[in-house]
Amino acid sequence: MKNDQATQLRRRIEKLKNPKQAKTICIISGKGGVGKSNVAINFALDLIHNGKKVLIFDLDIGMGNIEILLGKSAKKNINDMFNGNETIHSIIEVHENGLEFIAGGSGLNELFTLNGQKKQFFINQYKELIHSYDYIIFDMGAGIHSDSLFFILAADECIVVTTPEPTSITDAYSMIKQLINNQASMPIRVIMNRCLSQKSGEQALEQFRKVIKQFLQIDIFKMGILPEDKAVTLAVLHQEPYIFNEKLSITKALKQITVNYLNNTFELNSIQPKFIQKLKQLLIER
(Lines give C-alpha, C1' and ligand atoms only; values in the text may rest on other atoms or scores of the structure.)
Protein backbone atom coordinates (compact mmCIF):
# COMPACT_ATOMS: atom_id res chain seq x y z
CA MET A 1 0.00 0.00 0.00
CA LYS A 2 2.80 2.38 0.95
CA ASN A 3 4.62 1.55 -2.29
CA ASP A 4 1.49 2.31 -4.33
CA GLN A 5 1.07 5.66 -2.58
CA ALA A 6 4.74 6.52 -3.10
CA THR A 7 4.47 5.64 -6.80
CA GLN A 8 1.37 7.81 -7.22
CA LEU A 9 3.12 10.69 -5.47
CA ARG A 10 6.14 10.41 -7.76
CA ARG A 11 3.87 10.51 -10.80
CA ARG A 12 2.05 13.60 -9.54
CA ILE A 13 5.40 15.33 -9.02
CA GLU A 14 6.51 14.22 -12.48
CA LYS A 15 3.34 15.68 -13.97
CA LEU A 16 3.93 19.02 -12.23
CA LYS A 17 7.56 19.07 -13.37
CA ASN A 18 6.65 18.09 -16.93
CA PRO A 19 3.23 19.49 -17.89
CA LYS A 20 3.95 18.91 -21.58
CA GLN A 21 2.29 15.78 -22.94
CA ALA A 22 4.13 13.07 -24.85
CA LYS A 23 3.86 13.23 -28.62
CA THR A 24 2.02 10.16 -29.91
CA ILE A 25 3.38 8.78 -33.17
CA CYS A 26 1.83 5.99 -35.23
CA ILE A 27 4.32 4.10 -37.40
CA ILE A 28 2.42 2.45 -40.24
CA SER A 29 2.93 0.74 -43.58
CA GLY A 30 0.74 -0.11 -46.55
CA LYS A 31 1.85 -3.74 -46.59
CA GLY A 32 3.86 -6.15 -44.49
CA GLY A 33 7.50 -6.97 -45.06
CA VAL A 34 8.78 -3.41 -45.48
CA GLY A 35 10.70 -3.34 -42.18
CA LYS A 36 8.27 -1.16 -40.24
CA SER A 37 8.83 -2.67 -36.78
CA ASN A 38 12.60 -2.66 -37.25
CA VAL A 39 12.47 1.02 -38.14
CA ALA A 40 10.24 1.71 -35.12
CA ILE A 41 12.57 -0.01 -32.66
CA ASN A 42 15.81 1.46 -33.94
CA PHE A 43 14.31 4.94 -34.33
CA ALA A 44 13.03 4.74 -30.75
CA LEU A 45 16.43 3.62 -29.47
CA ASP A 46 18.14 6.49 -31.28
CA LEU A 47 15.65 8.95 -29.79
CA ILE A 48 16.68 7.58 -26.39
CA HIS A 49 20.33 8.06 -27.37
CA ASN A 50 19.42 11.71 -28.01
CA GLY A 51 18.11 12.11 -24.49
CA LYS A 52 14.42 11.39 -25.09
CA LYS A 53 12.24 9.07 -23.05
CA VAL A 54 10.32 6.71 -25.30
CA LEU A 55 7.66 4.01 -24.98
CA ILE A 56 6.69 1.64 -27.81
CA PHE A 57 3.17 0.24 -27.80
CA ASP A 58 2.90 -2.88 -29.98
CA LEU A 59 -0.47 -2.64 -31.74
CA ASP A 60 0.21 -5.00 -34.64
CA ILE A 61 -2.69 -7.48 -34.44
CA GLY A 62 -1.56 -11.04 -35.08
CA MET A 63 1.98 -9.98 -36.04
CA GLY A 64 3.22 -8.22 -32.91
CA ASN A 65 6.95 -8.79 -32.80
CA ILE A 66 8.53 -5.98 -30.80
CA GLU A 67 9.55 -8.34 -28.00
CA ILE A 68 10.97 -10.82 -30.52
CA LEU A 69 13.08 -8.20 -32.30
CA LEU A 70 14.36 -7.01 -28.92
CA GLY A 71 15.13 -10.56 -27.78
CA LYS A 72 13.08 -10.10 -24.64
CA SER A 73 10.11 -12.22 -23.66
CA ALA A 74 7.36 -10.05 -22.20
CA LYS A 75 6.05 -11.26 -18.86
CA LYS A 76 2.84 -9.27 -19.28
CA ASN A 77 0.83 -7.75 -22.10
CA ILE A 78 -2.23 -5.56 -22.49
CA ASN A 79 -4.53 -8.50 -21.80
CA ASP A 80 -3.25 -8.50 -18.22
CA MET A 81 -4.43 -4.92 -17.84
CA PHE A 82 -7.96 -5.65 -18.98
CA ASN A 83 -8.45 -9.04 -17.38
CA GLY A 84 -5.84 -9.25 -14.65
CA ASN A 85 -6.44 -6.00 -12.76
CA GLU A 86 -3.00 -4.70 -13.70
CA THR A 87 -2.21 -1.01 -14.16
CA ILE A 88 -0.73 0.15 -17.43
CA HIS A 89 2.55 0.95 -15.66
CA SER A 90 2.80 -2.62 -14.39
CA ILE A 91 2.68 -4.14 -17.90
CA ILE A 92 5.52 -2.01 -19.26
CA GLU A 93 8.62 -4.04 -20.07
CA VAL A 94 12.08 -2.46 -20.00
CA HIS A 95 14.80 -3.53 -22.40
CA GLU A 96 18.40 -3.47 -21.18
CA ASN A 97 19.11 -0.54 -23.50
CA GLY A 98 16.47 1.60 -21.83
CA LEU A 99 13.65 1.16 -24.32
CA GLU A 100 10.28 0.62 -22.64
CA PHE A 101 7.52 -1.25 -24.44
CA ILE A 102 4.07 -2.74 -24.02
CA ALA A 103 3.43 -6.08 -25.70
CA GLY A 104 0.09 -6.54 -27.43
CA GLY A 105 -0.37 -10.30 -27.36
CA SER A 106 -3.84 -11.76 -27.58
CA GLY A 107 -5.19 -8.73 -25.71
CA LEU A 108 -5.11 -6.64 -28.88
CA ASN A 109 -8.35 -8.16 -30.09
CA GLU A 110 -10.01 -6.94 -26.92
CA LEU A 111 -8.36 -3.52 -27.16
CA PHE A 112 -9.89 -2.91 -30.58
CA THR A 113 -13.38 -3.94 -29.46
CA LEU A 114 -13.62 -1.91 -26.27
CA ASN A 115 -16.97 -0.86 -24.96
CA GLY A 116 -18.48 0.86 -21.96
CA GLN A 117 -16.37 0.86 -18.85
CA LYS A 118 -13.30 -0.59 -20.56
CA LYS A 119 -13.10 2.35 -22.95
CA GLN A 120 -12.92 4.76 -20.04
CA PHE A 121 -10.58 2.43 -18.17
CA PHE A 122 -8.10 2.43 -21.06
CA ILE A 123 -8.28 6.22 -21.41
CA ASN A 124 -7.71 6.69 -17.68
CA GLN A 125 -4.76 4.31 -17.76
CA TYR A 126 -3.25 5.99 -20.81
CA LYS A 127 -3.46 9.35 -19.06
CA GLU A 128 -0.99 7.91 -16.56
CA LEU A 129 1.64 7.70 -19.32
CA ILE A 130 1.48 11.00 -21.13
CA HIS A 131 3.61 13.00 -18.70
CA SER A 132 6.19 10.25 -18.26
CA TYR A 133 7.53 10.20 -21.84
CA ASP A 134 8.62 12.48 -24.64
CA TYR A 135 7.33 10.11 -27.31
CA ILE A 136 4.86 7.23 -27.29
CA ILE A 137 5.19 5.21 -30.48
CA PHE A 138 2.42 2.93 -31.71
CA ASP A 139 3.76 0.19 -33.98
CA MET A 140 0.61 -0.50 -35.99
CA GLY A 141 -0.25 -3.41 -38.25
CA ALA A 142 0.15 -3.10 -42.02
CA GLY A 143 -2.60 -1.19 -43.79
CA ILE A 144 -5.51 0.62 -42.22
CA HIS A 145 -8.33 -1.49 -40.83
CA SER A 146 -11.58 -0.33 -39.29
CA ASP A 147 -10.52 -1.84 -35.96
CA SER A 148 -7.33 0.19 -35.65
CA LEU A 149 -8.20 3.31 -37.65
CA PHE A 150 -9.29 5.31 -34.60
CA PHE A 151 -5.86 4.89 -32.98
CA ILE A 152 -4.19 6.21 -36.12
CA LEU A 153 -6.62 9.11 -36.41
CA ALA A 154 -6.02 10.04 -32.77
CA ALA A 155 -2.23 10.19 -33.20
CA ASP A 156 -0.35 13.48 -33.29
CA GLU A 157 1.43 12.38 -36.46
CA CYS A 158 2.05 9.33 -38.64
CA ILE A 159 5.29 7.93 -40.02
CA VAL A 160 4.75 5.81 -43.13
CA VAL A 161 7.41 3.22 -43.92
CA THR A 162 7.53 2.02 -47.52
CA THR A 163 10.06 0.68 -50.01
CA PRO A 164 10.68 1.61 -53.68
CA GLU A 165 8.99 -1.65 -54.74
CA PRO A 166 5.94 -0.78 -56.92
CA THR A 167 3.47 -2.82 -54.84
CA SER A 168 4.76 -1.22 -51.65
CA ILE A 169 4.43 2.27 -53.13
CA THR A 170 0.90 1.51 -54.37
CA ASP A 171 -0.19 0.19 -50.97
CA ALA A 172 1.38 3.16 -49.17
CA TYR A 173 -0.45 5.55 -51.50
CA SER A 174 -3.78 3.80 -50.89
CA MET A 175 -3.24 3.88 -47.14
CA ILE A 176 -2.40 7.59 -47.12
CA LYS A 177 -5.46 8.28 -49.28
CA GLN A 178 -7.68 6.44 -46.81
CA LEU A 179 -6.06 8.25 -43.90
CA ILE A 180 -6.52 11.76 -45.25
CA ASN A 181 -10.07 10.98 -46.36
CA ASN A 182 -10.77 10.52 -42.66
CA GLN A 183 -8.52 13.31 -41.38
CA ALA A 184 -7.02 15.68 -43.93
CA SER A 185 -5.00 17.58 -41.31
CA MET A 186 -2.95 14.57 -40.16
CA PRO A 187 0.81 15.31 -40.43
CA ILE A 188 2.41 12.50 -42.44
CA ARG A 189 6.11 11.71 -42.68
CA VAL A 190 7.55 9.07 -45.02
CA ILE A 191 10.63 6.88 -44.74
CA MET A 192 11.77 5.08 -47.90
CA ASN A 193 13.34 1.84 -46.64
CA ARG A 194 15.52 -0.79 -48.33
CA CYS A 195 16.87 1.50 -51.05
CA LEU A 196 19.54 0.09 -53.37
CA SER A 197 21.39 3.42 -53.51
CA GLN A 198 21.18 6.89 -52.04
CA LYS A 199 20.31 8.40 -55.40
CA SER A 200 17.59 5.88 -56.30
CA GLY A 201 16.11 6.17 -52.81
CA GLU A 202 15.95 9.96 -52.96
CA GLN A 203 14.39 9.80 -56.42
CA ALA A 204 11.77 7.29 -55.28
CA LEU A 205 10.88 9.37 -52.22
CA GLU A 206 10.63 12.60 -54.21
CA GLN A 207 8.51 10.94 -56.90
CA PHE A 208 6.21 9.56 -54.22
CA ARG A 209 5.89 13.04 -52.69
CA LYS A 210 4.98 14.50 -56.09
CA VAL A 211 2.32 11.84 -56.74
CA ILE A 212 0.76 12.44 -53.31
CA LYS A 213 0.81 16.19 -53.92
CA GLN A 214 -0.72 15.90 -57.40
CA PHE A 215 -3.51 13.44 -56.68
CA LEU A 216 -4.24 13.90 -52.99
CA GLN A 217 -3.41 17.63 -52.70
CA ILE A 218 -1.38 17.28 -49.52
CA ASP A 219 2.29 17.65 -48.68
CA ILE A 220 4.07 14.78 -47.01
CA PHE A 221 7.27 15.33 -45.06
CA LYS A 222 10.23 13.46 -46.50
CA MET A 223 11.79 11.96 -43.38
CA GLY A 224 14.63 10.23 -45.20
CA ILE A 225 15.83 7.03 -46.81
CA LEU A 226 17.37 3.84 -45.44
CA PRO A 227 19.60 1.54 -47.53
CA GLU A 228 19.21 -2.16 -48.19
CA ASP A 229 21.63 -3.70 -45.70
CA LYS A 230 22.23 -7.38 -44.97
CA ALA A 231 23.15 -6.40 -41.43
CA VAL A 232 19.44 -5.85 -40.75
CA THR A 233 18.72 -9.53 -41.42
CA LEU A 234 21.55 -10.55 -39.11
CA ALA A 235 20.27 -8.20 -36.42
CA VAL A 236 16.82 -9.82 -36.65
CA LEU A 237 18.33 -13.31 -36.43
CA HIS A 238 20.36 -12.32 -33.38
CA GLN A 239 17.45 -10.35 -31.90
CA GLU A 240 19.70 -7.34 -31.43
CA PRO A 241 18.86 -3.86 -32.79
CA TYR A 242 21.39 -2.71 -35.38
CA ILE A 243 21.52 0.90 -34.15
CA PHE A 244 24.36 0.11 -31.72
CA ASN A 245 26.75 -0.82 -34.54
CA GLU A 246 27.72 2.66 -35.68
CA LYS A 247 29.84 1.40 -38.58
CA LEU A 248 26.81 0.13 -40.51
CA SER A 249 25.43 2.17 -43.40
CA ILE A 250 21.90 1.54 -42.11
CA THR A 251 22.85 2.91 -38.69
CA LYS A 252 24.40 6.06 -40.13
CA ALA A 253 21.31 6.64 -42.29
CA LEU A 254 18.87 6.13 -39.42
CA LYS A 255 20.84 8.41 -37.13
CA GLN A 256 20.63 11.12 -39.78
CA ILE A 257 16.87 10.59 -39.96
CA THR A 258 16.63 11.02 -36.18
CA VAL A 259 18.69 14.23 -36.28
CA ASN A 260 16.53 15.59 -39.10
CA TYR A 261 13.39 14.67 -37.19
CA LEU A 262 14.48 16.34 -33.96
CA ASN A 263 15.68 19.45 -35.78
CA ASN A 264 12.58 19.80 -37.93
CA THR A 265 9.79 18.50 -35.74
CA PHE A 266 6.77 20.73 -35.94
CA GLU A 267 4.97 21.96 -32.88
CA LEU A 268 1.36 20.91 -32.60
CA ASN A 269 -1.21 23.65 -32.93
CA SER A 270 -2.27 24.50 -29.39
CA ILE A 271 -5.87 24.49 -30.60
CA GLN A 272 -5.55 20.99 -32.04
CA PRO A 273 -6.89 18.30 -29.68
CA LYS A 274 -4.24 16.14 -28.07
CA PHE A 275 -4.19 12.36 -28.38
CA ILE A 276 -6.28 11.67 -25.28
CA GLN A 277 -9.05 14.06 -26.30
CA LYS A 278 -9.13 12.75 -29.86
CA LEU A 279 -9.05 9.11 -28.78
CA LYS A 280 -11.82 9.66 -26.27
CA GLN A 281 -14.04 11.25 -28.91
CA LEU A 282 -13.31 8.53 -31.46
CA LEU A 283 -13.95 5.73 -28.97
CA ILE A 284 -17.26 7.30 -27.97
CA GLU A 285 -18.31 7.55 -31.61
CA ARG A 286 -17.66 3.85 -32.30
Side-chain angles (χ1 to χ4, degrees), residues 22-48 52-74 76-79 81 88 91-95 97-112 122 126 129-130 133-145 147-163 168 171-172 175-176 179 186 188-191 193-194 223 226 232 235-236 239-243 254 257-258 261 275 279:
K23 177 176 282 189
T24 302
I25 305 170
C26 275
I27 298 188
I28 56 181
S29 63
K31 59 174 287 188
V34 301
K36 169 182 57 62
S37 294
N38 243 320
V39 170
I41 287 173
N42 287 279
F43 177 58
L45 285 166
D46 204 34
L47 285 172
I48 292 171
K52 306 300 181 181
K53 192 169 183 183
V54 184
L55 172 72
I56 287 190
F57 206 134
D58 194 341
L59 291 181
D60 191 344
I61 298 178
M63 295 292 288
N65 57 4
I66 293 295
E67 58 183 305
I68 296 172
L69 292 172
L70 288 172
K72 181 177 175 64
S73 179
K76 298 177 182 177
N77 59 45
I78 197 165
N79 191 53
M81 186 178 76
I88 200 165
I91 64 172
I92 294 174
E93 303 282 343
V94 183
H95 188 259
N97 293 303
L99 179 60
E100 300 180 37
F101 70 95
I102 293 177
S106 60
L108 282 181
N109 291 325
E110 184 165 0
L111 176 59
F112 290 131
F122 175 76
Y126 195 87
L129 299 177
I130 57 178
Y133 299 91
D134 296 300
Y135 297 97
I136 297 176
I137 296 175
F138 287 164
D139 180 28
M140 307 298 299
I144 295 181
H145 307 286
D147 286 341
S148 59
L149 179 61
F150 62 89
F151 272 99
I152 299 174
L153 295 179
D156 295 318
E157 62 182 22
C158 286
I159 296 175
V160 178
V161 179
T162 186
T163 72
S168 180
D171 288 339
M175 184 188 58
I176 292 174
L179 178 57
M186 172 66 71
I188 299 174
R189 301 177 187 268
V190 177
I191 293 176
N193 193 25
R194 300 176 61 182
M223 198 166 171
L226 294 171
V232 177
V236 172
Q239 295 179 291
E240 295 176 354
Y242 58 74
I243 195 69
L254 190 136
I257 282 176
T258 306
Y261 176 80
F275 176 81
L279 181 64

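Residues: numbered from 1 along the sequence shown. Note that this is a predicted model, so its numbers are computed, not measured.
Contact annotation: the side chain of Lys23 approaches that of Ile25 to within less than 4.5 Å [non-hydrogen atoms, C-beta and beyond]. At least one side-chain heavy atom of Val94 sits less than 4.5 Å from a side-chain heavy atom of Glu100. Using a 4.5 Å heavy-atom threshold, the side chains of Leu179 and Ile152 count as touching. The closest side-chain heavy-atom distance from Ile28 to Met175 is below 4.5 Å.
Taking the six-membered ring where the residue is Trp, Tyr126 and Phe275 present tilted rings, their angle falling between 30° and 60°.
The distance from the NZ atom of Lys53 to the CG atom of Asp134 is 9.0 Å, given to the nearest 0.5 Å. Between atom CD1 of residue Ile176 and atom CE of residue Met186 there is a gap of 12.0 Å, rounded to the nearest 0.5 Å. Once rounded to the nearest 0.5 Å, the distance linking CD1 of Ile66 with CD1 of Ile102 reads 12.0 Å. If you take CD1 on Ile48 and OH on Tyr135, they are separated by 12.0 Å, rounding to the nearest 0.5 Å. Interatomic distance, Leu226 CG to Asn193 CG, rounded to the nearest 0.5 Å: 5.0 Å. Annotation: the span from Ile137 atom CD1 to Ile56 atom CD1 amounts to 5.0 Å, rounded to 0.5 Å.
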Query raised in the report: Should Met223 and Ile159 be marked as a side-chain contact (heavy atoms from CB on, under 4.5 Å) after you check the CA-CA gap, both sets of side-chain angles, and the distance that decides it?
Result: CA-CA 8 Å; Met223 198 166 171; Ile159 296 175; 3.6 Å; yes
Query raised in the report: Stepwise, does the side-chain contact (heavy atoms from CB on, under 4.5 Å) test hold for Asn77 with Ile91?
Result: CA-CA 6 Å; Asn77 59 45; Ile91 64 172; over 6 Å; no
Query - Worked check of side-chain contact (heavy atoms from CB on, under 4.5 Å) between Ile27 and Phe138 - result: CA-CA 6 Å; Ile27 298 188; Phe138 287 164; over 6 Å; no
Query raised in the report: What's the verdict on side-chain contact (heavy atoms from CB on, under 4.5 Å) for Val34 and Lys31, showing C-alpha distance, side-chain angles and the deciding distance?
Result: CA-CA 7 Å; Val34 301; Lys31 59 174 287 188; 3.9 Å; yes
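In this view, Asp46 and Lys255, Thr258 satisfy the side chain to side chain donor-acceptor pair (under 3.5 Å) rule, not counting sequence neighbours. Residues satisfying the side-chain contact (heavy atoms from CB on, under 4.5 Å) criterion with Ala22, sequence neighbours excluded, are Tyr133, Ile136. With sequence neighbours excluded, no residue satisfies salt bridge (Lys or Arg N to Asp or Glu O under 4.0 Å) with Lys72. Under the ring pair (Phe, Tyr, Trp, His ring centres under 6.0 Å) criterion, Phe43 pairs with Tyr261, not counting sequence neighbours. Contacts of Ser168 classified as side chain to side chain donor-acceptor pair (under 3.5 Å), with partners at least two apart in sequence or in another chain: Thr162, Thr163.
The aromatic ring centres of Phe101 and Phe57 sit 6.0 Å or more apart.
Between the side chain of Asn65 and the backbone N or O of Ser37 there is no donor-acceptor pair closer than 3.5 Å.
Ion pairing between a basic and an acidic side chain is recognised when a charged N comes within 4.0 Å of a carboxylate O; Asp139 and Lys36 show such pairing. The residues Glu157 and Arg189 are annotated as salt-bridged, a charged nitrogen and a carboxylate oxygen being separated by less than 4.0 angstrom.
Closest approach of Asn38 and Leu69 over heavy atoms only: N-CD1, 4.1 Å. His95 and Leu70 get closest at one heavy-atom pair: NE2-O, 3.1 Å. Residues Ala155 and Cys26 share a closest heavy-atom pair of CB-SG, 3.7 Å.
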